[in-house]
Amino acid sequence: MLARLSAACGTIGSVRIAVAPGPGQSGLLCQLDEDGSRRGQPVHADDLAAAVREYEGTGGIRWVWPATATIYPALLRAGVRVSRCHDVTLAQALLFSRDGQPGESVALADAWATLRPLPGPAQAPSGRQPSQQALFDPALTAGHHEVQAGQSLDALIAVHADQQARVAADEHPARFRLLVAAESAGALAAAEMSQAGLPWRAEVHDELLTGLLGPRPPGAAGLTARAGPGPAPRPTRLAELAAQISVALGGRHPVNPDSPAQLIRALAAAGIRVPSTRLAVLKEIDHPVIPPLLEYKELSRLHAAFGWSWLDTWVSDGRFRPEYVVGGVVSGRWASRGGGALQIPRLLRRAVVADPGWALVVADAAQLEPRILAALAGDRAFAAAAAGGDLYAALAGAFGGDRGKAKLALLSAMYGGAGGEAGQLLAVLRQRFPDASGYVEAAARAGEEGRVVRSVLGRTCPPPSAGWRAITEESGDPDTERDPRAGRASRARGRFTRNFVVQASAADWALVMLAALRARLAKIDPHNGQPDAMPPAQPLPLGARSTTPPDPDDPHDPQRPPGPHLVFFQHDEVIVHCHQDQAEAVVAAVAQAGEEAARLVFGPTQVAFPLTTAVVDCYADAK
DNA sequence: AATGTTGGCGCG
DNA sequence: AAAGCGCGCCAACATT
């Protein structure tokens, strides 16, 4: 049975195999045609991971499964990697937002409900890796009998077939298909990055903290709760600053700088009236309390968000392992859960260091969003400016030779700002680059009118809320005053949709770039740094045990993949961890991935999407 | 005591 | 430098 299926897989370009986990480590597989219809009977596998590994080795497979986030980590723990998948949950979310309310039949709604047994990912709240456990999430398979696995497989196949039909019915089916594939590939990359982890030197982090804050306060370390009630002890430097602040504010009683309300009162008592205690507000004030207060805020933020307890919770075995939430942002950007992975202070990049003999390739898409706008709008003059290195410099001519003005004009156009001199600059932009300007203006108008907008690949923004509709609803009665909040709400949504078309299309490009890079990295031979002449096709003996091969080169991290691998992705920036000898090949792969993404997402375009790359030991040394 | 909201700030 | 957009997370504070 397996041999027959494998043979078929080897000869067809794109073969889909649906996967439904069953009891224990077992599962059901069923080959599908491109449109999602069954090809042959389901196959039972006692060891699902081994079966996936075996089929994967034959090449050209796209795995169809309910959710990468729940299945793939277990496969990775078993040492199995796959190159392509169709994530039914992510595809469903894309289709749902595209179509508004669900258009499925009752039967399909039931099928979809069957596939969603979990309210959410059942993960431990702490950052620790799940300890040794059943191959698949117990919550996913608990109580599952063979019959239920069969029902899951049926539901999966039905929902997937429906999705394929809906994708094909899109206004731009090829683009939407690319979106679904890229979103799914992103989910694979996210799971792999969580498993690999970002190399993180805890001792460097600790030294940074100690240098800035003083030694770690006693009693806060370890797993035991702090003795006694009351607030946690402040590190010495924070305590000093808090004391200085209290003295500078009159010193009658101590002020807690962490409390905006207390601070505003104390400042008022000292003759300083402020609407808030934001950094921007405080910086404008000339008073002895301000310097220590600004320093306190900066350090206290570092201590609270990325201090020693963060280190205890999130870094182990020299790795920071965040959990990414693919599609977690409406624009298609990723979010993260726990550890603040996408908000790492620049200061702490000093702690991100490659393993000995290895390197970090840090790649960053330069001026991505204005370039996206240039490609989206098809504005010839604007695209010409985006064909080269520095987009803003190329536009400066239109703004009296002032690069800064060009940048401000662009940012205002993309974000909806119009304060200060931005209004004038926008007028210049509108005159000189009418198509680029018109593109975002049209998106803003759509938003103000309550319509939805889409990214280049077809990701749709959420519709306005019921509350928004109620506020902005025009009353039929001319005697009734329009809600005064209506204008504000309408303009706010206009800024959202104006930004959405750019930010979401940038996310499209970045996701496709990530997927392309991931595929190219897999082809770089871990041993000589050159792309493999032949893809490794080494079918394993039937029922082979799946274990991660230990890396003899590095006792430090036996889980680290031997070849170049992604370790970080942040909107328009990516980090690859690789052996020093592979860095050159990785840099080339990054550039190729950027070009491939531009071609796939926009087709032929004059606009360039350059990625600046740096090969470094330490993240902080990149640019 | 647990849960929700607010103000503030880190990242892109 | 901040401004417009998008997030996550913290301590403090409010509510249940």
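Chain identifiers are assigned alphabetically (A, B, ...) following the order of the sequence lines, protein sequences preceding nucleic acid strands; residue numbering begins at 1 within each chain.
If you check residues 452-467 of chain A against DNA chain B, you find no residue with a heavy atom closer than 4.0 Å.
Between A/Glu323 atom CD and C/dG8 atom C1' there is a gap of 13 Å when expressed in whole angstrom units. Remark: C1' of C/dA1 and NZ of A/Lys405 are 16 Å apart, rounded to the nearest angstrom. The interatomic distance linking A/Leu408 (CG) with C/dG4 (C1') rounds to 10 Å, in whole Å. The distance from atom CD of A/Glu441 to atom C1' of C/dG4 is 13 Å, rounded to the nearest whole Å. One interatomic measurement links the two molecules: CG of A/Leu299 to P of C/dA11, which rounds to 16 Å at whole-angstrom precision. In this entry the distance linking CG of A/Leu293 with P of B/dG8 reads 11 Å, nearest Å. Between A/Arg493 atom CZ and C/dG6 atom C1' the separation is 15 Å, expressed in whole Å. Rounded to whole Å, atom P of B/dG8 lies 11 Å from atom CG of A/Leu267.
Salt-bridge check for A/Arg493 with A/Glu449: failed, with every basic side-chain N at 4.0 Å or more from each acidic carboxylate O. One finds a salt bridge joining A/Arg403 and A/Asp390 here, because a Lys/Arg side-chain nitrogen approaches an Asp/Glu carboxylate oxygen to under 4.0 Å. Of the charged side-chain nitrogens involved, none lies within less than 4.0 Å of a carboxylate oxygen, so that A/Arg445 and A/Glu448 do not count as a salt-bridged pair. With salt bridges taken as basic N to acidic carboxylate O contacts below 4.0 Å, none links A/Arg234 and A/Glu240. Salt-bridge check for A/Asp312 with A/Arg216: passed, with a basic side-chain N closer than 4.0 Å to an acidic carboxylate O.
Annotation: side chain of A/Cys461 is not in contact with side chain of A/Val330 (no heavy-atom distance under 4.5 Å). A/Val501 places none of its side-chain heavy atoms less than 4.5 Å from the side chain of A/Ser455.
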* Start with the C-alpha distance between A/Glu192 and A/Tyr72, add both sets of side-chain angles, then the distance that settles side chain to side chain donor-acceptor pair (under 3.5 Å), and finish with yes or no. => CA-CA 9 Å; A/Glu192 289 163 3; A/Tyr72 196 43; 2.6 Å; yes

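A/Lys297 contributes atom NZ, which lies 12.5 Å from atom CG of A/Leu238 (distance to the nearest 0.5 angstrom).
A/Ser336 comes within 4.0 angstrom of sugar-phosphate atoms only, judged by non-hydrogen atoms across all strands, and of no base. The residue A/Gly328 sits apart from the nucleic acid: no heavy atom pair falls under 4.0 Å. Residue A/Ser276 is classed as a sugar-phosphate contact, given heavy-atom separations below 4.0 Å to backbone atoms only. A/Val502 comes within 4.0 angstrom of nothing in the nucleic acid, heavy atoms only.
Using atom C1' as the reference point in both C/dG4 and B/dT6, the two lie 22 Å apart (nearest Å).
With sequence neighbours left out, the ring-ring contact (aromatic ring centres under 6.0 Å, His included) criterion links A/Phe320 to A/Trp200, A/Trp310. Not counting sequence neighbours, A/His571 has no partner by the ring-ring contact (aromatic ring centres under 6.0 Å, His included) test.
Side chains of A/Gln92 and A/Asp87: a donor-acceptor N/O pair is absent below 3.5 angstrom, by distance only.
Place A/Trp310 and A/Arg495 on DNA chain C by their nearest nucleotides, and A/Arg495 ends up nearer the 5' end.
Of the possible polar contacts, one joining the A/Arg371 side chain to the A/Ala608 backbone as a donor-acceptor pair under 3.5 Å is found.
Both the sub-6.0 Å distance and the 45° axial angle are not jointly satisfied by A/Arg350 relative to the ring of A/Tyr619.
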For nucleotides 9-12 of chain B, which of its nitrogen or oxygen atoms have a protein nitrogen or oxygen under 3.5 Å away, and what is each distance?
from: B/dC9; atom 1: OP1; to: A/Leu279; atom 2: N; distance (Å): 3.2
from: B/dC9; atom 1: OP2; to: A/Leu279; atom 2: N; distance (Å): 3.1
from: B/dC9; atom 1: O2; to: A/Arg301; atom 2: NH1; distance (Å): 3.3
from: B/dG10; atom 1: O4'; to: A/Arg301; atom 2: NE; distance (Å): 3.0
from: B/dG10; atom 1: O4'; to: A/Arg301; atom 2: NH2; distance (Å): 3.0
from: B/dG10; atom 1: N2; to: A/Gln343; atom 2: NE2; distance (Å): 2.9
from: B/dC11; atom 1: OP1; to: A/Arg346; atom 2: N; distance (Å): 3.1
from: B/dC11; atom 1: O3'; to: A/Arg349; atom 2: NH2; distance (Å): 3.4
from: B/dG12; atom 1: OP1; to: A/Arg346; atom 2: NH1; distance (Å): 3.3
from: B/dG12; atom 1: OP1; to: A/Arg349; atom 2: NH2; distance (Å): 2.7
from: B/dG12; atom 1: OP2; to: A/Arg346; atom 2: NH1; distance (Å): 3.3
from: B/dG12; atom 1: O3'; to: A/Asp572; atom 2: OD1; distance (Å): 2.5
from: B/dG12; atom 1: O3'; to: A/Asp572; atom 2: OD2; distance (Å): 2.9
from: B/dG12; atom 1: N2; to: A/Arg333; atom 2: NH1; distance (Å): 3.0
from: B/dG12; atom 1: N3; to: A/Arg333; atom 2: NH1; distance (Å): 2.9

Polar-atom pairs under 3.5 Å, protein N or O versus N or O of nucleotides 13-16 of chain C: list them with distances, or write none.
from: C/dC13; atom 1: OP1; to: A/Ser259; atom 2: OG; distance (Å): 2.6

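Evaluated for a side-chain contact (heavy atoms from CB on, under 4.5 Å) with A/Phe602, the options A/Leu376, A/Asp508, A/Val607 yield exactly one hit, A/Leu376.
Stem analysis of DNA chain C (at least three stacked-register Watson-Crick or G-U pairs, each with both distances under 3.5 Å) gives B:1-12 with C:5-16.
Looking at the side chain of A/Ala335, the nearest of the listed nucleotides C/dG6, C/dA11, C/dC7 is C/dC7.
Anti is the glycosidic conformation of B/dG4, whose angle departs from 0 by more than 90°.
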